There are 2 protein chains.
Amino acid sequence: MEQPFYLKDHLCFSIYACSRSISRMYQPLLNQLGLTYPQYLVLLVLWEKGECSVKQLGQMLDLDSGTLTPLLKRVESKGLILRNRSREDERKVTVRLTDQGSALQEKAQCIPDALLRSSGMLPEELQKLNQSMKLLNQHVSQYHKSIPQKE
Amino acid sequence: MEQPFYLKDHLCFSIYACSRSISRMYQPLLNQLGLTYPQYLVLLVLWEKGECSVKQLGQMLDLDSGTLTPLLKRVESKGLILRNRSREDERKVTVRLTDQGSALQEKAQCIPDALLRSSGMLPEELQKLNQSMKLLNQHVSQYHKSIPQKE
DNA sequence: CACAATTAAATTTTACACAATATTATTTGC
DNA sequence: GCAAATAATATTGTGTAAAATTTAATTGTG
């Protein structure tokens, strides 16, 4: 008695579609900063932490070096960050903001506002939704890691 | 008095990260079907509708032809769908399931179950979350479309 | 000290996303 | 009755994602 349910009933699709529509909604704003959405996320981390290794960025954003390395090179070529091998441990690459990269933070303040305004929801509702999504994400991630993929 | 809030407070990031972690959690299951996540979504639509134009698929999934055309060619090469120019209107390409593609539906039943089990939530909670995400998606999409990008 | 195991990045490959443009088919206006 | 507008796909180019492999540096153990 399996229920073959409709696309609209699949939570995974709602989340996937919503993620892409937020990114599209942000795009005209991000264009003015010369950033893509994942690049903006990297700067959010750096504005918060000041300086970071590629590894730490990957842990915060849940992205691997295969994604981050070329992305960081593009952000570096825009003059917003610097990438340097750590002197204590030559395996590590330290990423830090340039003055230009730091200065961009102020111009980026409008971006979270755009989500609030476009959402048609109250700040409390969005906060609650954020809590739910973080909880779901934790559960799904841990479940995934708890299953040995091969031996 | 701007509040420069943390990455963890950005709903956009929770949604973006959750979308990717669900897709990663699905992957071992999708591998057994020989599908990627977007390819699975295309099949969900076809299992529901039977047959579809590329245009209709794009409307259902919110994807454009630049994404769908190569994706559909890959699914066709696996023998799961057929792509044909419509005879009434030669501009349209009709996509329909092969027997093999139809047969895959049964083996895919376990995928929504995996989200339910991994989520640590009750079906009602997931349904509620789905409602919220669909509503947010609608608002964000319409807001985006209501802003003329250029003239 | 030696050297295997581990760790951090980078590289390679495949597959999306999506903007912009091109191509071809249909419809519409006059 | 045909030029112009519109519509549906396809193509191209840029930028992620993520698995798998490689390279280089560090650490643990005998």
Side-chain angles (χ1 to χ4, degrees), chain A residues 13 16-28 30-31 34-43 52-59 61-78 83-95 141 144-145 149-150, chain B residues 13 16-28 30-31 34-42 52-78 83-95 141 144-145 149-150:
Chain A
F13 175 66
Y16 163 79
C18 198
S19 177
R20 288 186 297 115
S21 69
I22 292 173
S23 163
R24 274 192 299 248
M25 183 272 291
Y26 279 172
Q27 206 197 316
L30 289 171
N31 279 343
L35 295 173
T36 65
Y37 178 64
Q39 290 170 8
Y40 163 70
L41 292 179
V42 165
L43 291 187
C52 243
S53 69
V54 173
K55 173 83 174 179
Q56 290 171 318
L57 273 173
Q59 286 169 343
L61 299 173
D62 203 8
L63 291 170
D64 72 8
S65 69
T67 301
L68 283 173
T69 297
L71 187 159
L72 293 171
K73 285 180 180 174
R74 283 187 284 269
V75 178
E76 185 179 37
S77 76
K78 297 181 218 268
R83 297 184 319 128
N84 292 109
R85 290 272 162 196
S86 159
R87 211 165 307 287
E88 320 93 67
D89 187 341
E90 287 277 347
R91 292 172 306 179
K92 295 181 185 167
V93 169
T94 300
V95 181
S141 300
H144 177 245
K145 278 184 291 191
Q149 244 39 261
K150 50 185 171 186
Chain B
F13 174 66
Y16 163 80
C18 198
S19 177
R20 288 186 299 115
S21 69
I22 292 173
S23 164
R24 274 191 299 250
M25 183 271 290
Y26 280 171
Q27 207 199 317
L30 289 172
N31 279 343
L35 294 173
T36 65
Y37 179 63
Q39 291 171 8
Y40 163 69
L41 292 178
V42 165
C52 242
S53 69
V54 173
K55 173 83 174 182
Q56 290 171 316
L57 272 173
Q59 286 169 343
M60 296 278 295
L61 298 174
D62 203 9
L63 291 170
D64 72 7
S65 69
T67 301
L68 283 174
T69 297
L71 187 159
L72 293 172
K73 285 180 180 174
R74 283 186 285 271
V75 179
E76 186 179 36
S77 76
K78 297 182 218 270
R83 297 184 319 129
N84 292 109
R85 289 273 162 196
S86 159
R87 209 167 309 288
E88 320 93 69
D89 187 340
E90 289 276 350
R91 292 171 305 180
K92 296 180 184 170
V93 169
T94 299
V95 182
S141 300
H144 176 246
K145 278 185 291 194
Q149 243 39 258
K150 49 185 169 186

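Keep in mind it's a predicted model, so treat the numbers as computed, not measured. Order of the sequence lines sets the chain letters (A, B, ...), proteins ahead of strands, with each chain counted from 1.
In this structure, CG of B/Leu57 is placed 12 Å from P of D/dA10, rounded to the nearest angstrom. Nucleotide D/dA18 holds its P atom 18 Å from the CG atom of B/Leu35, rounded to whole Å. Atom CG of B/Asn84 and atom P of D/dT9 are 13 Å apart (whole Å). Taking atom CG of A/Asp62 as the reference point, atom P of D/dA19 lies 10 Å away to the nearest angstrom. Nucleotide D/dA19 holds its P atom 13 Å from the CG atom of B/Leu30, rounded to whole Å.
Side-chain nitrogen and oxygen atoms of B/Gln27 include at least one within less than 4.0 Å of the OP1 or OP2 phosphate oxygen of D/dA19. Close to C/dA8, at under 4.0 Å from its OP1 or OP2, lies a side-chain N or O of A/Lys55.
Take A/Asp89 and apply the side-chain hydrogen bond (donor to acceptor under 3.5 Å, both in side chains) test, not counting sequence neighbours, and it matches A/Arg91. A/Glu76 meets the side-chain hydrogen bond (donor to acceptor under 3.5 Å, both in side chains) test with A/Arg83; sequence neighbours excluded. Residues that satisfy the side-chain hydrogen bond (donor to acceptor under 3.5 Å, both in side chains) test with A/Ser141, not counting sequence neighbours, are A/Asn137. Partners of B/Thr94 under the side chain to side chain contact (heavy atoms under 4.5 Å, CB included) rule, at least two apart in sequence or in another chain, are B/Glu51, B/Ser86. Partners of B/Glu90 by side-chain hydrogen bond (donor to acceptor under 3.5 Å, both in side chains), not counting sequence neighbours: none found. Listed by chain and number, the residues in a salt bridge (Lys or Arg N to Asp or Glu O under 4.0 Å) with A/Arg85 amount to none (sequence neighbours excluded). A/Asp64 pairs by the salt bridge (Lys or Arg N to Asp or Glu O under 4.0 Å) definition with nothing, not counting sequence neighbours. With sequence neighbours excluded, the residues satisfying side chain to side chain contact (heavy atoms under 4.5 Å, CB included) with A/Gln39 are A/Leu35, A/Thr36, A/Leu71, A/Arg74, A/Val75, A/Lys78. Considering only residues two or more places apart in sequence or on other chains, B/Tyr37 meets the ring pair (Phe, Tyr, Trp, His ring centres under 6.0 Å) condition with A/Tyr16, B/Tyr26.
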Annotated protein contacts, base or backbone, on nucleotides 10-17 of chain C with a non-hydrogen cut-off under 4.0 Å, one of B, S, - each: BB---SSB
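Within the 4.0 angstrom heavy-atom criterion, no nucleotide atom of any strand lies near B/Ser23.
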Check the interface with nucleotides 25-28 of chain C: list each N/O to N/O pair with the protein under 3.5 Å, or write none.
from	atom 1	to	atom 2	distance (Å)
C/dT26	OP1	B/Glu90	N	2.9

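Within the 4.5 Å cutoff, the side chain of A/Leu63 has no heavy atoms near those of the A/Leu57 side chain. Inter-residue side-chain proximity for A/Thr69 and A/Val93 is flagged as unmet; no heavy-atom pair is nearer than 4.5 Å.
Direction of the helix axis in the helix from C/dC1-D/dG30 to C/dC30-D/dG1 shifts by 10° between the two five-pair termini, rounded to 10°.
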